[in-house]
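Below: the structure, in structure tokens.
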Amino acid sequence: MRLINYGFLLLCSLIYLGCGPSTADVSETASNTESAPSLGAVYAPNFYIGAAVNRVQLDGTDSAGLAILEREFTSITPENVMKWENIQPEANRFEWDMADAYVELGEQQDMWIVGHTLVWHSQLPDYVKETTDPDQLRTYLEEHIRAVAGRYKGKIDGWDVLNEALNEDGSYRESVFYKVLGEQYIVDVFRLAQEVDPDAELYYNDYNLNNPEKREGAIRIAKLLQDNGVRIDGIGMQAHYNLNGPPISQVRNSIDAYAATGVKVMITELDLTVLPNPWDLEGAAVEQNFEESEMMNPYPGGLPDSVQIRLADRYEELFRLFLEKHEHITRVTFWGIHDNQSWLNGWPIRGRTNYPLLFDRQFKPKKAHERLMQLAANRD
Ligand code: XIL
């Protein structure tokens, strides 16, 4: 459980930003000097800066990524190790090792530790997915939440209780949970999580929550819980964005709308793809084989400067908004640490070379990192 020393972090930032080298030197200094301030430190007065961590950082395979994590970030989210298929692959058989290592890392580094995710239709084992009996499904949900949230009680700071329960038009996704149990399952799982770990924050998390129709769906979920006397502390906007979209105004409108329902807002899975999107191609189904297609994988040997600059511009534009809305935003989490281990190298098309994060394949901060450091230095 994180006990953040804002005073110390702020002091470090102020000393550095006030008396240190000019802002133009910041990225070089950040990459070379152990004691230089980090992204996490300079944004600490406003919100946590998080990263998703995967098995490779926990088992020591990616020690360079782990070093970046420890230096630059103040919060962690488990990219995969706490998902149902990994933590309870068969009914009543739990695999705790990686999840334990994850929580231990967060405690050791005094980070804000996120649990991701208790209830999700994806990465869900067949024994749950194929359940048609409502009592059986309720039992699975209850046993899962009691076991997982119970084991890390007092250690996880906030749980993504429910992930991706909405369609793009704001209606409920026809997941096994909705099909078998109806809307009531949402109330039940939040109530249970609240009972099992009363001190953990509880979140609803989804993608495309900037989209106005889907926004209404998320607000409906927040109100459903509030009307039933069940706590929801925050809405997580995943933020798998690209260089052009979504429009900043849509993101702003969603942040305002969520804040107006009385919950905190988190940017939970930020990354910016720089590659062509198969869904934008007319008639292109993602199932089609785009692997090894040069058109879909234009930068296998490195990112051109012009695109590097667009990435930095886009990150800066987003962080300007996050700073503007900092009173509502408690955390901005990147979906990964460096480009080499981003899920976007393999999704939605396998075998591509993507550049969505702030650290490159040589583990060096990119231009976007420099810009975000400068932005923090120059904020009001
Ligand atoms: C992704 C992981 O990054 C991949 O490694 C995994 O293969 C699939 O899931 N929304 C979520 C995340 O909430 O859990 C997903 O993570 C990305 C989309």
Side-chain angles (χ1 to χ4, degrees), residues 50-59 61-62 65 69 73 75-89 95 98-99 102 113-126 128-129 144 148 156 158-168 173 175 177 186 189 193 201-211 214 217-218 221 234-242 246 265-273 275 277-279 286-287 291 331-359:
V53 304
N54 224 337
R55 191 173 281 267
V56 286
Q57 284 87 42
L58 299 170
D59 68 10
T61 315
D62 181 21
L69 178 82
F73 295 89
S75 172
I76 47 177
T77 300
E79 186 167 348
N80 288 300
V81 302
M82 281 188 169
K83 290 172 178 173
W84 198 316
E85 70 174 9
N86 291 322
I87 211 165
Q88 194 186 181
E95 297 272 354
M98 282 293 134
Y102 164 77
I113 307 174
V114 178
H116 174 82
T117 170
L118 291 172
V119 182
W120 188 28
H121 68 278
S122 190
Q123 293 180 272
L124 184 68
D126 287 347
V128 188
K129 229 186 279 177
H144 188 74
V148 179
I156 294 287
W159 271 108
D160 287 339
V161 177
L162 180 58
N163 200 31
E164 301 181 355
L166 294 168
N167 294 317
E168 293 311 290
R173 179 192 289 276
S175 69
F177 307 112
I186 297 177
V189 297
E201 292 190 347
L202 308 177
Y203 313 132
Y204 176 68
N205 191 55
D206 210 331
Y207 58 88
N208 290 351
L209 286 188
N210 51 281
N211 161 353
K214 206 163 182 180
I221 289 178
I235 291 184
M237 302 175 68
Q238 288 186 8
H240 298 294
Y241 295 159
N242 62 49
V265 180
M266 274 135 272
I267 308 301
T268 57
E269 302 184 15
L270 179 58
D271 51 22
L272 302 179
T273 183
L275 300 183
N277 182 347
W279 286 292
V286 76
E287 298 77 37
E291 283 163 46
R331 171 168 57 91
V332 177
T333 290
F334 291 82
W335 205 240
I337 300 166
H338 55 80
D339 288 341
N340 205 29
Q341 46 83 238
S342 164
W343 74 306
L344 293 175
N345 295 308
W347 189 90
I349 300 172
R350 269 181 305 196
R352 296 200 294 180
T353 308
N354 211 334
Y355 302 83
L357 297 169
L358 297 187
F359 294 87

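These numbers were taken from a predicted model, which means no experiment stands behind them. Every number for a ligand or one of its atoms is a count from 1 in the order of the listing.
- The side chain to side chain contact (heavy atoms under 4.5 Å, CB included) check on Arg55 picks up Asp59, Met98, with sequence neighbours excluded.
- By the side chain to side chain contact (heavy atoms under 4.5 Å, CB included) test, Ala218 pairs with Leu166, Tyr204, Leu209, Ile235, Tyr258, sequence neighbours left out.
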When you pair each N or O of ligand 1 with protein N or O atoms, which pairs come out under 3.5 Å?
{"from": "ligand 1", "atom 1": "3 (O)", "to": "Glu79", "atom 2": "OE2", "distance (Å)": "2.5"}
{"from": "ligand 1", "atom 1": "3 (O)", "to": "Trp335", "atom 2": "NE1", "distance (Å)": "2.9"}
{"from": "ligand 1", "atom 1": "5 (O)", "to": "Glu79", "atom 2": "OE2", "distance (Å)": "3.3"}
{"from": "ligand 1", "atom 1": "5 (O)", "to": "Asn80", "atom 2": "ND2", "distance (Å)": "2.9"}
{"from": "ligand 1", "atom 1": "9 (O)", "to": "Lys83", "atom 2": "NZ", "distance (Å)": "3.1"}
{"from": "ligand 1", "atom 1": "9 (O)", "to": "Gln123", "atom 2": "OE1", "distance (Å)": "3.2"}
{"from": "ligand 1", "atom 1": "10 (N)", "to": "Glu164", "atom 2": "OE2", "distance (Å)": "3.0"}
{"from": "ligand 1", "atom 1": "10 (N)", "to": "Gln238", "atom 2": "OE1", "distance (Å)": "3.3"}
{"from": "ligand 1", "atom 1": "10 (N)", "to": "Glu269", "atom 2": "OE1", "distance (Å)": "3.1"}
{"from": "ligand 1", "atom 1": "13 (O)", "to": "His116", "atom 2": "NE2", "distance (Å)": "3.4"}
{"from": "ligand 1", "atom 1": "13 (O)", "to": "Asn163", "atom 2": "ND2", "distance (Å)": "2.9"}
{"from": "ligand 1", "atom 1": "13 (O)", "to": "Gln238", "atom 2": "NE2", "distance (Å)": "3.3"}
{"from": "ligand 1", "atom 1": "13 (O)", "to": "Glu269", "atom 2": "OE1", "distance (Å)": "3.4"}
{"from": "ligand 1", "atom 1": "13 (O)", "to": "Glu269", "atom 2": "OE2", "distance (Å)": "2.8"}
{"from": "ligand 1", "atom 1": "14 (O)", "to": "Lys83", "atom 2": "NZ", "distance (Å)": "2.7"}
{"from": "ligand 1", "atom 1": "14 (O)", "to": "His116", "atom 2": "NE2", "distance (Å)": "2.7"}
{"from": "ligand 1", "atom 1": "16 (O)", "to": "Lys83", "atom 2": "NZ", "distance (Å)": "3.2"}
{"from": "ligand 1", "atom 1": "16 (O)", "to": "Trp335", "atom 2": "NE1", "distance (Å)": "3.3"}

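- Between the side chain of Tyr102 and the backbone N or O of Ile76, at least one donor-acceptor pair lies under 3.5 Å.
- Between Tyr207 and Glu168 there is a side-chain heavy-atom pair separated by less than 4.5 Å.
- Two residues are said to be in side-chain contact when any heavy atoms from C-beta on lie closer than 4.5 Å; Met82 and Ile156 meet this criterion.
- By the side chain to side chain contact (heavy atoms under 4.5 Å, CB included) test, Thr77 is found to be paired with Val114, His116, Arg331, Thr333, Trp335, residues two or more places apart in sequence or in another chain being considered.
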